[in-house]
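Written out below as structure tokens is the structure these notes cover.
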Protein chains: 2
Amino acid sequence: MSGVAVQRARAGSSGRAKTEARAGGVRSGGADDAVAVERRDEILEIAAELFAERGYRATSIRDIADRAGMKAGSLYYHIASKEALFVEIHDKALDAAAARVRAAIAGCRSPWRRLEAACVEMLEIQLNPESLTLPIMNNFRSVPDDVKAELIRKRDEFETIFRDIVGGLPLPVSIDRTIYRILLLRLLNTADEWYREGRLTRPEIASQIVAIFRH
Amino acid sequence: MSGVAVQRARAGSSGRAKTEARAGGVRSGGADDAVAVERRDEILEIAAELFAERGYRATSIRDIADRAGMKAGSLYYHIASKEALFVEIHDKALDAAAARVRAAIAGCRSPWRRLEAACVEMLEIQLNPESLTLPIMNNFRSVPDDVKAELIRKRDEFETIFRDIVGGLPLPVSIDRTIYRILLLRLLNTADEWYREGRLTRPEIASQIVAIFRH
DNA sequence: ACATCAATCTAACAAGTGTTTGGTAGATAA
DNA sequence: TTATCTACCAAACACTTGTTAGATTGATGT
């Protein structure tokens, strides 16, 4: 505690806080800082991979820094905190996923075809650890409480897409559409946990899911 | 490392290792050590609750000790290590769950009734944080690799019950029974993550699941 | 009274956590 | 050349982690 106090005092006298100016994410850029932006995106992608692989808690700042080829402290030139990094990744991933799913179902007229297209795309997203669109839509248990609320809000927004899709299905009245959607989304969102490579392809899995959920 | 070596050597010279004699779990008991056994079971149950709530990694030895009303170091009189504690809980939980599900489907003649009874029981198990039968059948991501294999083995053994149940269902040939079972189990095992209190009762949820999975 | 023993405490250990500080090589701009 | 600014590093901070050693307390048995 005393150490912190000393540091604060010194920082006050010597001026400036370079880090904060950048870590917010808003670039007050010069001419071409394309390199800088790329570096930051690179870090986001690396962190996204690790979060997806090991979860939030099990991924340390030093893990991310290692993979990015730098020291832990240097990361804080690019990010504000581990929490902020995760929230940013999470939001971007959901936005990208929403765009992909919307594009995938755009051409489908029949409601069941729409569902199948959405399932295929969701499986593709969840099982391809190559882009920022990554399977981190769950694992909220390992996330601190203060961030959790915001994450859930964003996820609910994403799941609106599926409320529309399920709403258009000609289901028997005996089936509750809300729990139908919840169960379907749970399966798609956790695909990386139950999918076993080699048995069935992703489209085959999607058509199996639709076969089960179709009535 | 050097510290461990020193400690081992000293334990050898001064005799005895009280802790190890007990932590293994096998009691070389005196007359009535019912109190001691109860204390250990109490610890197991407390730890099981915390593991279920927060996951393996997010639950610290000190958390468990706090809830048990003692200090962290004292826990090691009862357990050998955090990993061993988790494995023991996991195994006991699966054994108890298997017994409960088997008992629940015992009286059912129709295959669909069997499925429904199994679903009801599984939801009861997953959503009642009161006994050692607790929702810790997943979350393997946060578990160290060396333990993971053993946990998966035990879980596969448990899931045999559902292979039999699904095997008895008169499903259309277009549906792959393996993925059917995987999807169903994934939903039941993660019920605590998607279940929202107040909307539907557990038996209602179970009948909805069967309504969706029935063909 | 004395020794034994279960059950706990205190206190530390090494390792790892997120984060901050002050410094610095190298490019860019005046 | 000199000054500025980006992107990093080295080193520490305070804190938490699982785990262990050794001392202590209270009950039990002789």
Side-chain angles (χ1 to χ4, degrees), chain A residues 1-23 27-40 42-43 56-66 68-86 144, chain B residues 1-23 27-40 42-43 56-66 68-86 144:
Chain A
M1 286 196 186
S2 63
V4 173
V6 169
Q7 290 157 7
R8 284 271 151 79
R10 237 191 268 165
S13 69
S14 94
R16 273 222 325 292
K18 279 187 271 185
T19 304
E20 289 175 24
R22 191 149 201 307
R27 297 272 311 156
S28 58
D32 66 332
D33 40 8
V35 181
V37 173
E38 273 174 28
R39 191 76 176 113
R40 191 157 196 282
E42 201 179 333
I43 290 173
Y56 177 79
R57 202 134 192 165
T59 302
S60 79
I61 286 290
R62 284 172 180 81
D63 289 340
I64 301 171
D66 271 9
M70 56 193 206
K71 294 305 168 67
S74 310
L75 256 188
Y76 284 81
Y77 177 76
H78 302 277
I79 69 171
S81 72
K82 190 189 177 188
E83 280 192 9
L85 173 63
F86 181 78
Chain B
M1 287 199 186
S2 63
V4 172
V6 169
Q7 290 154 10
R8 283 274 151 78
R10 238 191 268 164
S13 69
S14 93
R16 273 218 329 287
K18 278 187 269 186
T19 303
E20 290 176 22
R22 189 144 204 310
R27 299 269 313 154
S28 58
D32 65 332
D33 41 6
V35 182
V37 172
E38 271 173 30
R39 191 78 177 111
R40 190 156 197 281
E42 201 179 334
I43 290 172
Y56 177 78
R57 201 133 192 167
T59 303
S60 79
I61 286 290
R62 283 171 180 84
D63 290 340
I64 301 170
D66 271 10
M70 53 184 185
K71 294 304 167 69
S74 310
L75 256 188
Y76 283 82
Y77 177 76
H78 302 277
I79 69 171
S81 71
K82 189 189 178 189
E83 280 192 9
L85 173 63
F86 181 79

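The model shown is predicted, which means the values in this text are computed figures rather than measured ones.
Taking side-chain N and O atoms only, B/Y76 has no distance below 4.0 Å to OP1 or OP2 of D/dT20. In this structure, B/S60 reaches the D/dT17 phosphate: one of its side-chain N or O atoms is under 4.0 Å from OP1 or OP2. In this model, the phosphate group of D/dC8 is not approached by any side-chain N or O of A/Y77 to a distance below 4.0 Å at OP1 or OP2. Taking 4.0 angstrom as the limit, A/K71 places a side-chain polar atom (N or O) nearer than this to OP1 or OP2 of D/dA10.
Atom CG of A/L75 and atom C1' of C/dT17 are 14 Å apart (whole Å). Protein atom CD of A/E42 is 13 Å distant from nucleotide atom P of D/dA7, rounded to whole Å. Between A/E38 atom CD and D/dT6 atom P the separation is 17 Å, expressed in whole Å. Protein atom NE2 of B/H78 is 8 Å distant from nucleotide atom C1' of C/dT8, rounded to whole Å. Note: CG (A/D63) to P (C/dT17) measures 6 Å, nearest angstrom. For B/I64 and D/dT16, the CD1 to C1' distance is 15 Å, given to the nearest whole Å. Rounded to whole Å, the distance from CZ on A/R57 to C1' on C/dG18 is 12 Å.
Annotation: of the two residues near DNA chain C, B/I43 and A/I61, the 5′-most nearest-nucleotide partner is B/I43.
The base of C/dG16 has none of its N or O atoms less than 3.5 Å from a complementary donor or acceptor on the side chain of A/R62.
In this structure, NZ on B/K82 lies 6.5 Å from OG1 on B/T59, to the nearest 0.5 angstrom. Going from atom CD1 of B/I64 over to atom CD1 of B/I79 covers 6.5 Å, rounded to the nearest 0.5 Å. Remark: A/R39 CZ to A/Y77 OH distance equals 12.0 Å, nearest 0.5 Å. The CD1 atom of B/I61 lies 6.5 Å from the CG atom of B/L85; values are rounded to the nearest 0.5 Å.
In the set D/dC8, C/dT19, D/dT19, D/dT19 carries the atom at the smallest distance from any side-chain atom of B/A72. Distances were taken from every side-chain heavy atom of B/R39 (C-beta onward) to each of C/dT8, D/dC9, D/dT19; the shortest belongs to C/dT8.
Residue contacts shown for A/S74 include a base, since a base heavy atom lies under 4.0 Å away. A/K82 comes within contact range of the sugar-phosphate backbone alone, with a heavy-atom separation under 4.0 Å but no base atom that close.
A donor-acceptor pair under 3.5 Å links the side-chain atoms of B/D63 to the main chain of B/S60, judged by distance alone.
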